[in-house]
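Working notes for the structure below.
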Amino acid sequence: MRTNIKMSNFKLLAIVAFLGLFLQSCSNDDDSNSLNAPIITDFEYGEGGDHSTEQYVYKGSDIHLEAKINAEATVKSISISIHAHDLEIGEDEVDWDFEKVFTDEKYLAINPTFQ
């Protein structure tokens with residue numbers, strides 16, 4: 001009978017020890033998931049066709065956008081939003097916004113160049 005009591009206590013102690021080791025987490029595991037936000041550098045914009053260095057765009061013309069994206073991990077998408085801030089709409093003009101999400105394979109990389 002004493003053997004059964006000792007075995008029961010040993011099993012209980014073994015289960016508690018196993019659960020204690022199994023459920024313990026390291027602080028390194030928690031910190032590894034935090035990444036810094038990507039940094040956009042060398043941003044260029046201007047009239048589309050000639051890639052000029054002048055930073056303006058004419059109504060009805062193409063626009064050139066280019067930027068380097070420095071990221072610690074693979075970029076999943078790039079979102080572009082173009083809209084007016086406090087501009088008065090003139091005659092024969094329309095208020096508009098442009099938004100697009102790029103998920104092309106060439107952008108799904110670490111440190112891509114958006115163009």
Side-chain angles (χ1 to χ4, degrees):
M1 183 131 171
R2 288 185 115 183
T3 307
N4 288 340
I5 293 174
K6 286 183 181 179
M7 272 306 230
S8 296
N9 287 341
F10 179 72
K11 287 181 184 177
L12 180 63
L13 182 61
I15 290 172
V16 168
F18 175 74
L19 287 175
L21 290 173
F22 181 74
L23 297 176
Q24 182 179 359
S25 67
C26 298
S27 63
N28 292 343
D29 294 340
D30 298 335
D31 296 338
S32 65
N33 291 335
S34 63
L35 296 174
N36 293 323
I39 298 172
I40 298 172
T41 60
D42 300 332
F43 181 68
E44 298 177 9
Y45 68 93
E47 190 173 7
D50 58 4
H51 296 277
S52 68
T53 58
E54 297 178 23
Q55 296 183 337
Y56 56 86
V57 178
Y58 294 106
K59 179 175 148 183
S61 68
D62 292 336
I63 185 170
H64 166 74
L65 294 174
E66 185 172 345
K68 291 182 182 177
I69 301 170
N70 297 317
E72 294 178 2
T74 303
V75 173
K76 294 189 184 221
S77 66
I78 298 173
S79 300
I80 300 291
S81 176
I82 302 173
H83 52 272
H85 285 289
D86 301 327
L87 292 178
E88 292 184 26
I89 300 171
E91 274 189 47
D92 299 327
E93 292 183 344
V94 178
D95 187 24
W96 62 274
D97 291 327
F98 175 81
E99 292 184 14
K100 186 169 182 176
V101 177
F102 295 88
T103 57
D104 300 348
E105 189 173 318
K106 63 183 176 181
Y107 302 129
L108 304 180
I110 297 175
N111 301 331
T113 299
F114 175 77
Q115 188 171 15

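Residue indices begin at 1 and follow the sequence shown.
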**Study point:** L108 reachable from I78 in the ILVMFWY side-chain graph, under 4.5 Å edges
**Key:** no
Point to revise | Student check: side-chain heavy atoms of E66 and D42 closer than 4.5 Å | key: no
Review point. Once you round to the nearest 0.5 Å, how far does CD1 of I40 lie from NZ of K68?
Key: 14.0 Å
Review point. Shortest non-hydrogen contact from E99 to S81?
Key: CG-OG, 3.7 Å
Exercise for review: Please state whether the rings of F102 and F114 are parallel, tilted or perpendicular, taking 30° and 60° as the class boundaries.
Suggested key: perpendicular
Review point. Are I80 and I39 co-members of a hydrophobic cluster defined by side-chain heavy atoms under 4.5 Å apart?
Key: no
Point to revise | ILVMFWY cluster, I69 and I82 together (side-chain gap under 4.5 Å) | key: yes
Practice item. Over all heavy atoms of both residues, which pair between S79 and V101 is shortest? Give the atoms and the distance, please. Key: OG-CG2, 3.7 Å
Exercise for review: Could you pull out the closest heavy-atom pair between Y107 and P112, with the gap in Å?
Suggested key: O-CG, 3.7 Å
Revision key, fill the gap. When every non-hydrogen atom of A71 is compared with those of I110, the smallest separation belongs to O-CG2, 3.3 Å
**Study point:** Which atom of K76 lies closest to which atom of T103, heavy atoms considered
**Key:** O-CG2, 4.0 Å
